[in-house]
Amino acid sequence: MTTSHRILGAMAATGVAALVLTGCVAKSDVAAGAAFDVSSTDSDCVVSGGTAESGTLTFEVTNNSGQVSEFYLLADDGLRIVGEVENIAPAASRTLTVVAQPGDYFTLCKPGMIGEGVGKAAFTVTGDRVTVDGPDAEQKQQAVDLYAAFVNDQVGQLVPAVEEFVAAYESGDDETARALFPLARAYYERIEPVAEALGDLDPRIDYREVDAVAEELDWTGFHRIEKDLWVPAQDALNADGETPAWQDWAPSTPEERADFGDLLLADVQELYDYVHSDDFTTSLDDQGIGGISNGAIALLDEVATGKISGEEDWWSGTDLYDFAANVEGSKMAFSLVKDFAEAQGDDGAALVSEIEAGYTALEESLAAHGSLTDGFVGYSELTDADKREFTDLINALAEPLSQLTGTVLE
């Protein structure tokens with residue numbers, strides 16, 4: 001379908017739009033697949049099976065390690081993410097529901113949520129390609145098309161925002177660059193799972209120093225530039241609370257600034273090219289509304305795993321900007337699939353109401369500390385009580401939101 005300029009204008013103005021799908025929504029026609037149990041330990045990732053027929057697959061992941069963990073279903077290159085669940089506390093369980101097309105995949109757990117992960121194993125999906133048909137096929141495709149338009153719009157605004165930011169950084173106008181840093185990042189944070197699905201693109205754009213070092217990657221992107229703009233004190237520590245901030249680091253020379261700025265521009269352009277490609281369209285179509293729903297969940301996980309702790313924007317303290325943008329992107333994705341959840345009867349309607357109430361409470365709490373338009377307070381100004389309130393609200397929303405994908409695919 002063609003998305004009107006009016007819809008895109010609303011997206012650009014607010015960063016998120018509550019778009020309503022019209023028409024009767026019926027039960028999903030995606031074929032039911034299989035359910036698997038996953039045990040994530042400190043040294044392994046044990047999945048109860050390694051093959052399945054194409055369709056809706058469910059992975060019930062139990063974290064039997066002593067660390068917060070993640071579970072991934074990776075594409076055949078071992079890099080691209082088909083589905084993931086993050087922030088699984090020790091002794092807790094989370095469910096990943098995906099629509100899987102025929103092909104070769106890998107499963108992987110990541111205890112501690114850093115490094116290469118453990119227990120990487122082959123997983124094969126056989127059968128025919130999954131297609132969506134039936135009485136609600138048009139509404140489902142409309143949701144996918146609207147989400148694609150939202151992503152295209154955000155990345156389309158990200159490119160010039162990063163160009164302006166990089167120009168200030170490379171010219172040494174640090175005051176302007178500091179002001180532009182959180183604003184440019186907001187466009188990225190609303191659609192971050194799209195970049196995360198591309199293997200090493202998100203690490204190049206958005207990895208923190210401690211993560212890059214842990215995975216032995218070159219450290220580039222937003223946060224490499226951030227440290228130049230907010231030069232730490234000589235006795236400061238990195239986000240791990242252990243590594244000296246100046247260990248193996250020094251402020252960039254003008255030549256190095258030009259290199260880091262140009263690399264960020266190139267990586268953002270690569271993201272732009274991807275979301276305007278047939279590969280992106282095919283990927284969204286293959287995942288369907290389940291992929292949109294999983295995106296809503298993944299963005300809230302982003303808040304829980306970095307922003308709420310202040311580890312994301314460690315030197316600038318601009319975490320609440322990222323926090324708000326993640327919530328906006330999550331709510332946008334939710335708005336496109338909630339009709340399908342409500343169509344599942346009283347339980348689905350109750351789930352939608354609970355999720356909507358969770359977003360409202362979280363937005364109201366954020367609003368007490370500023371806005372993306374007028375600016376947020378620095379993370380250091382939050383009290384312990386503020387952080388506890390955010391944590392409680394995120395947890396309250398995460399629980400029903402984690403049920404969303406399974407509900408919309410019923």
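In what follows, residues are counted from 1 in the order of the sequence shown.
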Closest non-hydrogen atom pair, [X] against [Y]:
X    : Y    : answer
F340 : A143 : CE1-CB, 4.2 Å
A341 : V352 : CB-CG2, 3.7 Å
A186 : L372 : CB-CD2, 4.2 Å
V118 : P111 : CG2-CD, 3.6 Å
I394 : A304 : CG2-CB, 4.1 Å
V151 : V275 : CG1-CG1, 3.7 Å

Atom pair [atom1] ([X]) and [atom2] ([Y]), whose distance is rounded to the nearest 0.5 Å:
X    : Y    : atom1 : atom2 : value
D248 : W219 : CG    : CH2   : 11.5 Å
L404 : T95  : CG    : OG1   : 12.5 Å
E312 : Y379 : CD    : OH    : 12.0 Å
E196 : E84  : CD    : CD    : 5.5 Å
F390 : I308 : CZ    : CD1   : 6.0 Å
T253 : F260 : OG1   : CZ    : 8.5 Å

What do you reckon, is [atom1] of [X] surrounded by more than 12 foreign heavy atoms closer than 6.0 Å?
X    : atom1 : answer
E215 : CD    : yes
E164 : CD    : no
F36  : CZ    : yes
D259 : CG    : yes

Next item on the list: Before giving the answer on side chain to side chain contact (heavy atoms under 4.5 Å, CB included), spell out for L271 and Y188 the whole-Å C-alpha distance, their side-chain angles and the decisive distance to 0.1 Å.
Entry: CA-CA 10 Å; L271 178 61; Y188 183 79; 4.0 Å; yes
Item checked: Set of salt bridge (charged side-chain N to carboxylate O under 4.0 Å, His left out) partners for D267, sequence neighbours left out ->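 With sequence neighbours excluded, D267 shows a salt bridge (charged side-chain N to carboxylate O under 4.0 Å, His left out) to R204, given in chain and number order.
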Notebook entry, point to check: Who pairs with E356 by salt bridge (charged side-chain N to carboxylate O under 4.0 Å, His left out), at least two apart in sequence or on another chain?
Noted result: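 For E356, the residues satisfying salt bridge (charged side-chain N to carboxylate O under 4.0 Å, His left out) (neighbours in sequence not counted) are K338.
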Is [X] salt-bridged to [Y], cutoff N-O under 4.0 Å?
X    : Y    : result
R388 : D392 : no
D174 : R257 : yes
E226 : R185 : no

Margin query: Can you confirm if the aromatic rings of F123 and F59 lie within a centre distance of less than 6.0 Å?
Written below: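 Yes.
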Next item on the list: Would you please indicate if the ring centroids of F376 and F323 are separated by under 6.0 Å?
Entry: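 No: the rings miss the under 6.0 Å criterion.
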Do [X] and [Y] have side chains that get closer than 4.5 Å, going by heavy atoms?
X    : Y    : result
E328 : L299 : no
D313 : F181 : yes
V125 : Q101 : no
Q141 : D285 : yes
W249 : R224 : yes
C45  : V38  : yes
E209 : H223 : no
P203 : D211 : no

Is the backbone N or O of [Y] less than 3.5 Å from a side-chain atom of [X], with the two atoms forming a donor-acceptor pair by type?
X    : Y    : result
D228 : S252 : yes
T282 : D279 : no
N326 : L300 : no
D273 : E270 : no
S277 : Y274 : yes
S365 : L362 : no

Donor-acceptor pairs under 3.5 Å, side chain of residues 287-295 to any protein atom, not counting sequence neighbours: which ones?
| unit_1 | atom_1 | unit_2 | atom_2 | d |
| --- | --- | --- | --- | --- |
| Q287 | NE2 | S283 | O | 3.4 |
| Q287 | NE2 | S283 | OG | 3.0 |
| S293 | OG | T405 | N | 3.1 |
| S293 | OG | T405 | OG1 | 2.7 |
| N294 | OD1 | T405 | OG1 | 2.8 |
| N294 | ND2 | T97 | O | 2.8 |
| N294 | ND2 | G290 | O | 3.3 |

List, one per line, each side-chain donor-acceptor pair under 3.5 Å for residues 229-239, sequence neighbours excluded.
| unit_1 | atom_1 | unit_2 | atom_2 | d |
| --- | --- | --- | --- | --- |
| N238 | OD1 | K227 | NZ | 3.3 |

Notebook entry, point to check: Going through the distances and angles, do I205 and F222 end up as a side chain to side chain contact (heavy atoms under 4.5 Å, CB included)?
Noted result: CA-CA 6 Å; I205 292 174; F222 276 119; 3.8 Å; yes
Checklist line | side chain to side chain contact (heavy atoms under 4.5 Å, CB included) between V98 and T56, worked out | finding: CA-CA 6 Å; V98 295; T56 304; over 6 Å; no
Checklist line | Aromatic ring pairing F165/Y169, orientation class (parallel under 30°, perpendicular over 60°, tilted between) | finding: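 Aromatic pair F165/Y169 classed parallel.
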Notebook entry, point to check: How are the rings of Y359 and F334 set relative to one another: parallel (under 30°), tilted (30 to 60°) or perpendicular (over 60°)?
Noted result: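 Aromatic pair Y359/F334 classed tilted.
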Check: Can you name the side chain to side chain contact (heavy atoms under 4.5 Å, CB included) partners of N395, sequence neighbours left out?
Finding: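 Applying side chain to side chain contact (heavy atoms under 4.5 Å, CB included) to N395 gives T391.
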Next item on the list: Sorted by first residue and then second, give each side-chain hydrogen bond (donor to acceptor under 3.5 Å, both in side chains) pair with at least one member in residues 62-71; sequence neighbours left out.
Entry: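 Residue pairs passing side-chain hydrogen bond (donor to acceptor under 3.5 Å, both in side chains), neighbours aside: S39-N64, S40-S69, D42-Q67, T62-S93, N63-S65, E70-Y72.
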Item checked: Verdict with reasoning, E381 to D386, per side chain to side chain contact (heavy atoms under 4.5 Å, CB included) -> CA-CA 9 Å; E381 295 185 38; D386 293 331; over 6 Å; no
